[in-house]
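Step one of this worksheet: look at the structure below.
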Amino acid sequence: MSNQADLIVGLQWGDEGKGKIVDHMAQTHDYVCRFAGGHNAGHTIVVGEKKYALHLIPSGVLNPKAKNIVGNGVVLSPADFIEEMRQFDDLQGRLFISDKAHLLLPYHAEIDRARERMKGDKAIGTTGKGIGPAYGDKVARVGHRVGELHDPKKLSEKILAHFEMNRAVFEAMGVATPDPAELLHELTAYKEALEPYITDTTLLVWKALEEGSKILLEGAQGTMLDIDHGTYPYVTSSTTVSAGACSGLGISPKAIGKVTGIAKAYCTRVGNGPFPSEDLGEAGQRLRDNGYEYGTTTGRPRRCGWFDAVAMRHAVRINGVDQVALMKLDVLDGFDEVKVCVAYRVKGEEIDYVPYDLEDAEPVYRIYKGWKKSAGARRFDELPEEAQEYIESLEGLIDCRIGIVSTSPEREDTIVR
Ligand code: IMP
């Protein structure tokens, strides 16, 4: 069998703690590749005294030997990317941006925020970064690709023509037409900063696969935010599931090897939309406090609730997950009882799959006895018996092995079974 890449994918509504696992795995991989999303994603990595905020640059940037690829499936805001690059001074030769990735420009963010305002209480609760409008333009075939930065003059003319054609729509949303001279100046600055990194990354990944390099594919957001398989329309605009790694990098499904799905031992989501196992009471607040559940990109408090085994089984299947990494088990420490959603009740009927609209689904819970302390455990048999039983029971419910359990933010506090 030819060489295959390892894939990390989020199984819930994002923020599962992919950062800790990706950071760990990035140390042993030659290539780390992002395949979807934009600077709506984000995690902070602490190395010694220094803190790094990563949104678009793959986590391999912290391994001096790793090469980092931003694939064609990503939407890239040049201004934010350049800002993020400033944290590092040795990127030449180890950062590559696909010429086919789409540009996310300031007007996309303005449109995103205008649409959210216009939707009022039906707002999606986006990160306001312009993700939806950038992917929208891509699919409507009116987007602009990173490769177009090679000719800023031509690109600026195309952007202005786009504004001209959509004048009424832009005016209604209060999005001003850019000043031609300023636009050209801005695009020229982007070209100067990014041109050394722009390339055909598909060829690069193919070569890496042929050479037998170790490749890590780093997913962003989570399965329940996937444009097709999530809680539409309360989703992001990209393919966040495993399949997105193929189209977002240009590799075949056969090039995907081991799939590790990341899930928290409970559930969170930011933004609006259905969340059957949400706990609006004391327990939810306690999860938020214990787990520091506030958004990395926007600082918003996350909605919190119990592990949803039905949604998880759906995610395991869609992504072809080989093993689950169960994160933040320690956040459940000290609860007298821990709940797990094992089925949904929809219009009086109990179902064990994710229905068309999760809005109508009420959770059916199984109650587990809580435990005092799992924090810091590094071996499975160091966990309290109740925590071991919780994990073993989840494996049965989600139909997948839980191969990794994380018991604190520290890199070493990880159980590998
Ligand atoms: P957008 O991706 O900014 O369009 O936001 C759409 C939905 O996805 C909103 O509910 C966001 O809160 C959510 N979302 C986007 N990125 C992330 C993430 O990295 N973590 C968690 N939720 C996210």
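Worth knowing before you read on, the calculation uses all heavy atoms, side chains too, and leaves out hydrogens, waters and symmetry mates. Predicted, not measured: the structure shown is a model, and the values here were computed from it. Both ligands and their constituent atoms are indexed starting at 1 by order of listing.
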- Message: Taking only non-hydrogen atoms of Ala41, do any sit less than 4.0 angstrom from ligand 1?
- Response: yes
- Could you check atom 3 (O) of ligand 1 against the protein and tell me its nearest heavy-atom contact, residue, atom and distance included? Thr127 OG1, 2.6 Å
- Hey, do the aromatic rings of Tyr266 and Phe307 have their centres closer than 6.0 Å? no
- Query: Does a sphere of radius 6.0 Å around NE2 in His150 hold more than 12 heavy atoms from other residues, nucleotides or ligands, not counting ones at 6.0 Å or beyond?
  - Reply: yes
Without placing hydrogens or testing angles, list every side-chain donor-acceptor pair under 3.5 Å for residues 41-58, not counting sequence neighbours.
{"residue": "His43", "atom": "NE2", "partner": "Ser59", "partner atom": "OG", "Å": "3.1"}
{"residue": "His55", "atom": "ND1", "partner": "Ala41", "partner atom": "O", "Å": "2.8"}

- Message: Geometry only, no angles: is Val270 polar-contacting ligand 1 at N/O separations under 3.5 Å?
- Response: yes
- Item | Options Arg300, Arg303, Arg269, ranked by nearest heavy atom to atom 12 (O) of ligand 1, top entry | Arg300
- Message: If you take the nearest heavy atom of each of Gly125, Ala109, Ala123, which one is closest to atom 11 (C) of ligand 1?
- Response: Gly125
- Between Lys328 and Glu293, is there a side-chain N and carboxylate O pair less than 4.0 Å apart? yes
- Note on the structure: The option among Asn40, Ile227, Leu225, Thr236 carrying the non-hydrogen atom nearest to atom 23 (C) of ligand 1 is Leu225
- Which is closest to atom 4 (O) of ligand 1 by heavy-atom distance: Thr268, Thr126, Asn272? Thr126
- Task: Answer with yes or no whether Arg302 contacts ligand 1, where contact means a heavy atom under 4.0 Å from a ligand atom.
- Result: no
- Message: Do the side chains of Lys129 and Asp112 get close enough for a salt bridge, i.e. N-O under 4.0 angstrom?
- Response: no
- Item | ligand 1 N/O within reach of Asp112 N/O, cut-off under 3.5 Å | no
- Message: Let's go through Asp137 and His102 carefully: what are the C-alpha distance in whole Å and the side-chain angles of both, what is the deciding distance for side chain to side chain donor-acceptor pair (under 3.5 Å) to 0.1 Å, and is it a yes or a no?
- Response: CA-CA 9 Å; Asp137 280 359; His102 271 248; over 6 Å; no
- Do Tyr197 and Val70 touch side chain to side chain, with heavy atoms closer than 4.5 Å? no
- Query: Can you tell me which residue and heavy atom of the protein come closest to atom 6 (C) of ligand 1, and the distance to 0.1 Å?
  - Reply: Val235 O, 3.3 Å
- Does ligand 1 have any atom sitting under 4.0 Å from a heavy atom of Gln221? yes
- Query: Does Trp13 approach ligand 1 within less than 4.0 angstrom via side chain, backbone, both or neither, non-hydrogen atoms only?
  - Reply: backbone
- Heavy-atom nearest neighbour in the protein, as seen from atom 20 (N) of ligand 1, with distance rounded to 0.1 Å: Asp15 OD1, 3.0 Å
- Item | Asp336, CG: over 12 other non-hydrogen atoms inside 6.0 angstrom | no
- Looking only at heavy atoms, which two atoms of Val340 and Ala309 are closest? And how far apart? CG1-CB, 4.0 Å
